[in-house]
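First up is the structure itself, then whatever we jot down about it.
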Number of protein chains: 2
Amino acid sequence: MIQTRDIQHFEHLLDKHHLKKTAPRLRVLSMMSSRSTATSQPDLESLMQDIDRVTLYRILNAFEEKGIIHKVFDLNGTANYALCSSKCDEHDHHDEHLHFNCIQCKNVYCLNDMNLPAISLPAGFEPQGFTVYANGLCPKCSKKAVDK
Amino acid sequence: MIQTRDIQHFEHLLDKHHLKKTAPRLRVLSMMSSRSTATSQPDLESLMQDIDRVTLYRILNAFEEKGIIHKVFDLNGTANYALCSSKCDEHDHHDEHLHFNCIQCKNVYCLNDMNLPAISLPAGFEPQGFTVYANGLCPKCSKKAVDK
DNA sequence: CAAGTTATTGCAACATTATTGCATTTAAAA
DNA sequence: TTTTAAATGCAATAATGTTGCAATAACTTG
């Protein structure tokens, strides 16, 4: 459930990034924060049918640009969006966390607090960031598999 | 340059997966093997304009299903395709290698022979595979940056 | 707090990509 | 060679990404 302090947090977030506090934007933020997994653009669209498709598209773009949300691609290449951890901002947008794609329920989990081991690359490559995708069964689905 | 033994290899590959040896399929295989980086669907399309778009689409799907190629998403979420290492097959399709997205030239490199460090997940998650994406500058582009 | 300014929205239109059905063609098998 | 099963190419449609523009809503300033 969305609390008053969440609303205030969202408004602050928009303020911080010089984005106007509009109804569609606040609704997108509260929708995303109410979900434990990343949400695809089509899903967001059907969850908030009264927001225009193009508006949603632009809101997501603006949020991503500002470092408020990040984009994750699932196993089908569909873009999924999730709120960034509070540490991200426009200039230091690090989504170096781990993404988990469940092959059963298709949900995308952002496992923010995992620290990744160092990864070495061949000579010449100069990495600026890493993203790790794991696929398999999420806790819910692996539990179901055992229960059967 | 494509050698006779490559053609034979491709034909064998199709045979092995019970796919008919057709001209478009062989052309797609030789095109992909001639490129050091993964190739996007739009690029493949313009490289082989006389192959129908739908045919290309279906060829790529069939190849991926059989474990002949794998799909990599670049920073824009566009699918890029590359030949799998010879060890992949239908039942053991492990593309647990490292993908490198160059932010300059946009090329996608498949760094097959890197072994990834073990990655641990929260309790309940049962991973079946990992894919690591690094983004940054590839050897060519980082060299150019220094030269300037 | 009213008026002006600017960002944002929603609509229409268009571009690109993904996907399906079907008739025709081609490769492999008999 | 004939048969048959798969693959191709075309047409059509669906889904998604993107732009321009007029109307609207949010912020700013006097």
Side-chain angles (χ1 to χ4, degrees), chain A residues 7-8 10-31 38-66 68-81 90 106 108, chain B residues 7-8 10-31 38-66 68-81 90 106 108:
Chain A
I7 306 277
Q8 288 176 346
F10 300 148
E11 293 191 342
H12 174 71
L13 207 56
L14 293 176
D15 255 349
K16 201 173 87 180
H17 295 289
H18 310 293
L19 296 171
K20 289 187 178 172
K21 292 167 246 169
T22 64
R25 284 178 178 164
L26 289 169
R27 288 186 51 215
V28 169
L29 285 176
S30 59
M31 175 59 75
T39 313
S40 69
Q41 190 272 333
D43 284 355
L44 282 171
E45 207 175 306
S46 60
L47 283 167
M48 295 175 294
Q49 295 191 342
D50 48 329
I51 298 181
D52 186 77
R53 208 166 58 84
V54 177
T55 302
L56 180 58
Y57 171 79
R58 285 193 270 226
I59 288 177
L60 293 172
N61 271 9
F63 283 4
E64 202 201 355
E65 208 164 273
K66 298 291 186 177
I68 297 174
I69 63 175
H70 63 265
K71 197 194 278 192
V72 195
F73 296 103
D74 65 18
L75 298 169
N76 305 313
T78 309
N80 287 53
Y81 298 89
E90 195 165 353
K106 310 293 181 200
V108 179
Chain B
I7 306 275
Q8 288 176 345
F10 300 149
E11 294 191 342
H12 175 69
L13 208 54
L14 293 177
D15 256 347
K16 200 172 87 179
H17 294 290
H18 310 292
L19 295 171
K20 287 186 180 174
K21 293 167 245 171
T22 63
R25 286 180 176 164
L26 289 168
R27 288 186 50 213
V28 169
L29 286 176
S30 60
M31 175 60 73
T39 314
S40 69
Q41 190 272 332
D43 284 355
L44 283 170
E45 204 174 308
S46 61
L47 282 167
M48 293 175 296
Q49 295 191 339
D50 48 329
I51 297 182
D52 186 77
R53 213 164 57 82
V54 178
T55 302
L56 180 58
Y57 171 81
R58 286 193 270 227
I59 287 176
L60 292 172
N61 271 9
F63 283 3
E64 202 201 356
E65 207 165 275
K66 298 291 187 179
I68 296 174
I69 63 177
H70 64 265
K71 196 194 278 191
V72 195
F73 296 103
D74 64 20
L75 298 169
N76 305 314
T78 309
N80 287 52
Y81 298 89
E90 194 164 354
K106 310 293 180 198
V108 179

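Quick caveat, the model's predicted, so the values are computed rather than measured. We name chains A, B, ... by the order of the sequence lines, and we start the count at 1 in each one.
- B:D52 has its CG atom 16 Å from the C1' atom of C:dT26, to the nearest Å.
- Taking 4.0 angstrom as the limit, B:T22 places a side-chain polar atom (N or O) nearer than this to OP1 or OP2 of D:dT8.
- The interatomic distance linking B:L19 (CG) with C:dA29 (P) rounds to 13 Å, in whole Å.
- One atom, CG of A:L14, and another, P of C:dA7, lie 16 Å apart when rounded to the nearest Å.
- Nearer to the 5' terminus of DNA chain C, by closest-nucleotide assignment, is the contact made by A:V54 (compared with the other of A:V54 and B:A79).
- To the nearest angstrom, P of D:dA11 lies 14 Å from CZ of B:R58.
- On a pure distance criterion of 3.5 Å, no polar donor-acceptor pair joins the side chain of B:R53 and the base of D:dG9.
- Using a distance-only test at 3.5 Å, with no hydrogens or angles considered, a donor-acceptor pair links the side chain of B:S30 to the main chain of B:L26.
- If you take OG1 on A:T78 and NZ on A:K71, they are separated by 11.5 Å, rounding to the nearest 0.5 Å.
- For the pair B:K20 NZ and D:dA6 C1', the interatomic distance rounds to 4 Å; values are reported in whole Å.
- Computed from coordinates, the A:Y57 OH to C:dT17 C1' distance equals 14 Å when rounded to whole Å.
- The distance from the CG atom of A:N80 to the OG1 atom of A:T39 is 7.0 Å, given to the nearest 0.5 Å.
- Between A:Q41 and the phosphate of D:dA15, there is no side-chain N or O to OP1/OP2 separation shorter than 4.0 Å.
- Backbone-only contact: B:R25 has heavy atoms under 4.0 Å from sugar-phosphate atoms and none from a base.
- For A:K21, the side-chain atoms get nearest to D:dC27 when compared with the rest of D:dC27, D:dA6, C:dA13.
- Each of A:P24 and B:E45 was matched to the nucleotide of DNA chain C holding its nearest heavy atom; the match closer to the 5' end belongs to A:P24.
- When rounded to the nearest whole Å, the span between CZ of A:F63 and P of C:dT9 equals 8 Å.
- When only modelled atom types and interatomic distance are considered, A:Q49 and A:E45 share no side-chain donor-acceptor pair under 3.5 Å.
- Among the nucleotides C:dA18, C:dT9, C:dA7, the one closest to the side chain of A:T55 is C:dT9.
- For the pairing with B:D15, the salt bridge (Lys or Arg N to Asp or Glu O under 4.0 Å) check across B:R25, B:K66, B:K21 returns one residue only, B:K21.
- For the pair A:H18 NE2 and C:dT8 P, the interatomic distance rounds to 12 Å; values are reported in whole Å.
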